[in-house]
Amino acid sequence: MNGMHQRLATCNYDQAWEAAIDAVKDRSTDTVDKDAGLLTTHWLEIPMPGRKYGAFRREMPDSKDRSRLTLKVKQLDNGTRISFIEERQSWVFRGGSRLFGWAPTDPSEEVMYDVQHRLDTKLQERGCSVT
């Protein structure tokens, strides 16, 4: 999970867990394991119009990315740590018998900023201070 971002909050585990769930309410969840502190969303497909491929820079029909978020909540001695990351893949030209397929790509800075902002907001709504 290289590239994991973290938020430290001075509040109890239950408050941080509920804030994490609320921060990703716009996506359907795949894994919700409070005891393990693990929250994972289903893949969300995002249209990416205008993407080009190949030597002739042809426009790619049905260009898209997909995104999945993973959040981990852990109780610490002096508060709670929430770690989060976006796993992102692009629908790309691969050549060979499978012309197109999913390939890993870098997380979106916009998505990571949005998750951080929503998480901070949800933590503060529950009376937590974020460091």
Side-chain angles (χ1 to χ4, degrees):
M1 289 284 171
N2 193 18
M4 184 83 72
H5 290 228
Q6 295 185 60
R7 307 307 290 157
L8 298 174
T10 53
C11 59
N12 69 45
Y13 182 85
D14 290 330
Q15 290 170 301
W17 176 256
E18 291 302 320
I21 289 174
D22 283 351
V24 295
K25 268 210 158 111
D26 62 327
R27 297 178 180 225
S28 63
T29 52
D30 182 35
T31 305
V32 180
D33 186 344
K34 186 175 180 180
D35 293 334
L38 181 63
L39 177 62
T40 306
T41 67
H42 285 287
W43 286 105
L44 174 67
E45 288 193 8
I46 305 160
M48 302 297 286
R51 187 177 282 161
K52 302 194 183 309
Y53 73 96
F56 298 110
R57 306 303 300 153
R58 295 183 180 119
E59 190 162 319
M60 192 166 143
D62 299 327
S63 179
K64 58 190 169 191
D65 280 3
R66 67 181 184 175
S67 167
R68 175 171 58 190
L69 299 171
T70 300
L71 290 85
K72 294 182 180 180
V73 181
K74 181 172 177 139
Q75 182 70 50
L76 305 173
D77 291 337
N78 58 347
T80 308
R81 179 180 63 218
I82 303 173
S83 306
F84 59 96
I85 192 165
E86 179 196 32
E87 182 181 355
R88 195 170 187 98
Q89 297 178 344
S90 293
W91 187 248
V92 296
F93 179 73
R94 299 172 65 108
S97 62
R98 266 186 82 207
L99 289 179
F100 293 92
W102 292 110
T105 190
D106 293 331
S108 164
E109 289 182 27
E110 290 174 2
V111 170
M112 294 299 285
Y113 174 78
D114 184 52
V115 171
Q116 178 180 319
H117 177 72
R118 285 188 284 147
L119 189 55
D120 288 352
T121 300
K122 297 302 179 183
L123 286 164
Q124 290 169 356
E125 286 175 4
R126 287 169 173 75
C128 304
S129 64
V130 182
T131 57

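Being a predicted model, the structure only gives us computed values, none of them experimental. In this chain, residues are counted from 1 in sequence order.
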Discussion item. What verdict does the side chain to side chain contact (heavy atoms under 4.5 Å, CB included) test give for Leu8 and Leu76, after you've listed the backbone C-alpha separation in whole Å, the side-chain angles of each residue and the deciding distance to 0.1 Å?
Written reply: CA-CA 9 Å; Leu8 298 174; Leu76 305 173; 3.9 Å; yes
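- The two residues Ala23 and Lys122 come nearest to each other via the heavy atoms N-CG, 4.1 Å.
- In this structure, the separation between CE on Met4 and CG on Leu71 is 8.5 Å, given to the nearest 0.5 Å.
- A pairwise comparison of heavy atoms in Asn12 and Gln75 identifies C-OE1, 3.8 Å as the closest pair.
- No donor-acceptor pair closer than 3.5 Å links the side chain of Thr70 to the backbone N or O of Ile85.
- With values rounded to the nearest 0.5 angstrom, Glu87 atom CD is found 4.0 Å from Arg68 atom CZ.
- At most 12 heavy atoms of other shown residues, nucleotides or ligands fall within 6.0 angstrom of atom NZ in Lys74.
- Contact detail for Cys11 and Thr80: the closest heavy-atom pair is O-OG1, 2.9 Å.
- Distance check, rounded to the nearest 0.5 Å: OG1 of Thr29 to CG of Leu39 gives 6.5 Å.
- The cluster map of Ile, Leu, Val, Met, Phe, Trp and Tyr, joined by side-chain heavy atoms under 4.5 Å apart, puts Val115 and Trp43 in different clusters.
- Here the closest heavy-atom approach between residue Ala20 and residue Leu119 is recorded as CA-CD1, 3.8 Å.
- A donor-acceptor contact shorter than 3.5 Å is absent between the side chain of Gln6 and the backbone of Ser83.
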Item to complete: Go through the steps to decide whether Tyr13 and Glu18 satisfy the test side chain to side chain contact (heavy atoms under 4.5 Å, CB included), and finish with yes or no.
Response: CA-CA 9 Å; Tyr13 182 85; Glu18 291 302 320; over 6 Å; no
Practice prompt. Just do the side chain to side chain contact (heavy atoms under 4.5 Å, CB included) check on Glu86 and Ser108 with the steps written out, would you?
Written response: CA-CA 8 Å; Glu86 179 196 32; Ser108 164; 3.6 Å; yes
Worksheet item: So Trp91 and Met48, side chain to side chain contact (heavy atoms under 4.5 Å, CB included) or not? Walk me through it.
Response: CA-CA 9 Å; Trp91 187 248; Met48 302 297 286; over 6 Å; no
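- Nearest approach of Ile82 to Ala16, heavy atoms of both residues: CD1-O, 3.8 Å.
- Using cut-offs of 30° and 60° for the angle between ring planes, the His5 and Phe84 rings count as tilted.
- Atoms CZ and CG, from Arg126 and Asp22 in turn, are 4.0 Å apart once rounded to the nearest 0.5 Å.
- The residues Glu45 and Arg66 are annotated as not salt-bridged, no charged nitrogen and carboxylate oxygen being separated by less than 4.0 angstrom.
- How far CG of Leu69 is from OG1 of Thr41: 4.5 Å, rounded to the nearest 0.5 Å.
- Taking all atoms of both residues into account, the shortest heavy-atom contact from Val73 to Trp17 is CG2-CE3, 3.8 Å.
- A donor atom on one side chain and an acceptor atom on the other are found under 3.5 Å apart for Ser90 and Asp65.
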Worksheet entry | Chi angles and distances behind the salt bridge (Lys or Arg N to Asp or Glu O under 4.0 Å) call for Arg7, Asp120 | CA-CA 8 Å; Arg7 307 307 290 157; Asp120 288 352; 2.8 Å; yes
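- Grouping the Ile, Leu, Val, Met, Phe, Trp and Tyr side chains by contacts below 4.5 angstrom, directly or via other members, places Val24 with Val130.
- Of the inter-residue distances, the one linking His42 atom NE2 with Asp30 atom CG reads 4.5 Å to the nearest 0.5 angstrom.
- Taking a cutoff of 4.0 Å between a charged side-chain nitrogen and a carboxylate oxygen, Asp26 and Arg118 qualify as a salt bridge.
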